[in-house]
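Step one of this worksheet: look at the structure below.
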There are 2 protein chains.
Amino acid sequence: MEIRIGDLAKRSGCEVVTVRYYEKEGLMPKPARSGGNFRLYGDAHIERLQFIRHCRSLDMTLSEIRTLLGLRDNPTQDCGGINVLLETHIQQVEMRVAALLQLRQHLVNLREKCSGSRPMEACGILNGLSDSNCHVARSKQSNL
Amino acid sequence: MEIRIGDLAKRSGCEVVTVRYYEKEGLMPKPARSGGNFRLYGDAHIERLQFIRHCRSLDMTLSEIRTLLGLRDNPTQDCGGINVLLETHIQQVEMRVAALLQLRQHLVNLREKCSGSRPMEACGILNGLSDSNCHVARSKQSNL
DNA sequence: ATAGCTCTCTATAGTAGCTATAGAGTCAAG
DNA sequence: CTTGACTCTATAGCTACTATAGAGAGCTAT
């Protein structure tokens, strides 16, 4: 049961180019090739790509996924590392939510400053944006 | 009162390279030059850069900021366009928050699946990630 | 004047995770 | 035998910067 890259992509809900990209990045192993130099994939490839895509749908970075795949390929150890990775990831997501909610509040405050159609010079929003004293506090890398 | 790029950057809380980048992108006008070919800035530049940085701190894209600057430089019309832009931006932020909260729930569910230190094959998290039936629903471009 | 130091200049490449394009080859059906 | 769908490689583009190299400007201390 050997399928080509288009089928593999379809079954995993991603683009053909993305599969090749994962191969280049070392997340997917180099597959066998047909006589005409087409990539040929089997069940293990399908499962692995679905694993990757599922991790991506959980917004993990390729680097995190690489780590998970490494742990998975190396099943002698215990799985404490996986718990740590997931816990860290959850915390990052929660921090991002908090930052976005703060941001939303700033934007809503700004929106209140102009009700509608005034001449440009009187627009409270523009003036609010010009006001250099009301910058949003941000850490070094915002991670919104 | 003419300052050089380092001072300008310091006053606006960004890097020197970022100022040059904004110039290349057409957000900042090309400034006058000194005899030694150094960029020289005045008050208008300072105000404009602070405006840009404030918008960035509100997570607006450079493209959105370009639009705002265009509206600002063209003060004959009324300011309805600014309201629309801001409203759209707030909605994008709210969608992102919603998506992240969903994502967080998925991650927390996954975390429940493995309490601690089992051998790798039994790790509920890895098995949960392999399960292709539990992908997170995502629109075309996730915008997390 | 010369050394040392900080600031500035241009140009280029790298970051993440793809997406898009060009130009060529493969393969099955009509 | 040609059409069409699929695949191949290689390269450039996207966002908003960051990092690097190598050279010049301008000030202070000797």
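Residue numbers start from 1 in every chain, and the chains themselves are labelled A, B, ... in the order their sequence lines are given, proteins ahead of strands.
- For the pair C14(A) and L49(A), the minimum side-chain heavy-atom distance is below 4.5 Å.
- Contact annotation: the side chain of I46(B) approaches that of L8(B) to within less than 4.5 Å [non-hydrogen atoms, C-beta and beyond].
- Atoms CG (D7(A)) and P (dA28(C)) sit 14 Å apart, rounded to a whole Å.
- I3(B) has its CD1 atom 17 Å from the P atom of dG26(D), to the nearest Å.
- Under the side chain to side chain contact (heavy atoms under 4.5 Å, CB included) criterion, E87(A) pairs with Q91(A), R111(B), sequence neighbours left out.
- Rounding to whole angstrom units, CG of residue D59(B) and P of dC17(D) are separated by 10 Å.
- Remark: L107(A) pairs with L103(A), L58(B), M60(B), L86(B), H89(B), I90(B), V93(B) by the side chain to side chain contact (heavy atoms under 4.5 Å, CB included) rule, at least two apart or across chains.
- The shortest side-chain heavy-atom distance between R48(B) and L69(B) falls under the 4.5 Å cut-off.
- Non-hydrogen atoms lying under 4.0 Å from DNA chain C are contributed by T61(A), L62(A), all within residues 61-68 of chain A.
- Here the P atom of nucleotide dC14(D) and the CD atom of E15(A) are 19 Å apart, to the nearest Å.
- The stretch residues 12-50 of chain A participates, sequence neighbours left out, in these ring-ring contact (aromatic ring centres under 6.0 Å, His included) pairs: Y41(A)-H45(A).
- At a threshold of 4.0 Å, the pair R53(B)-E47(B) does not count as salt-bridged, since none of the basic side-chain nitrogens sits closer than that to a carboxylate oxygen.
- Here dT7(D) is the nucleotide among dT7(D), dC18(C), dC7(C) with the atom lying nearest to any side-chain atom of R4(A).
- Pairs passing the salt bridge (Lys or Arg N to Asp or Glu O under 4.0 Å) check and including a residue from residues 25-38 of chain A, sequence neighbours excluded, do not occur.
- In this entry the distance linking CG of L49(A) with P of dC18(C) reads 11 Å, nearest Å.
- Panel note: side chain Q102(A), backbone A99(A); no donor-acceptor pair is recorded below 3.5 Å.
- Of the side-chain N and O atoms in R39(A), none sit less than 4.0 angstrom from OP1 or OP2 of dT26(C).
- Over its length, the helix from dA1(C)-dT30(D) to dG30(C)-dC1(D) turns its helix axis by 30°, as judged from the five terminal pairs at each end, rounded to 10°.
- Residues D59(B) and R96(B) are paired through a salt bridge, judged by an N-O separation under 4.0 Å between the basic side chain and the carboxylate.
- As rounded to whole Å, 17 Å separates atom P of dT15(D) from atom CE of M60(B).
- Screening residues 2-20 of chain B for salt bridge (Lys or Arg N to Asp or Glu O under 4.0 Å), with sequence neighbours left out, gives no hits.
- Contacts between residues 17-38 of chain B and DNA chain C, counted as heavy-atom distances below 4.0 Å, involve R20(B), R33(B), N37(B), F38(B).
- Between R56(B) atom CZ and dC17(D) atom C1' the separation is 9 Å, expressed in whole Å.
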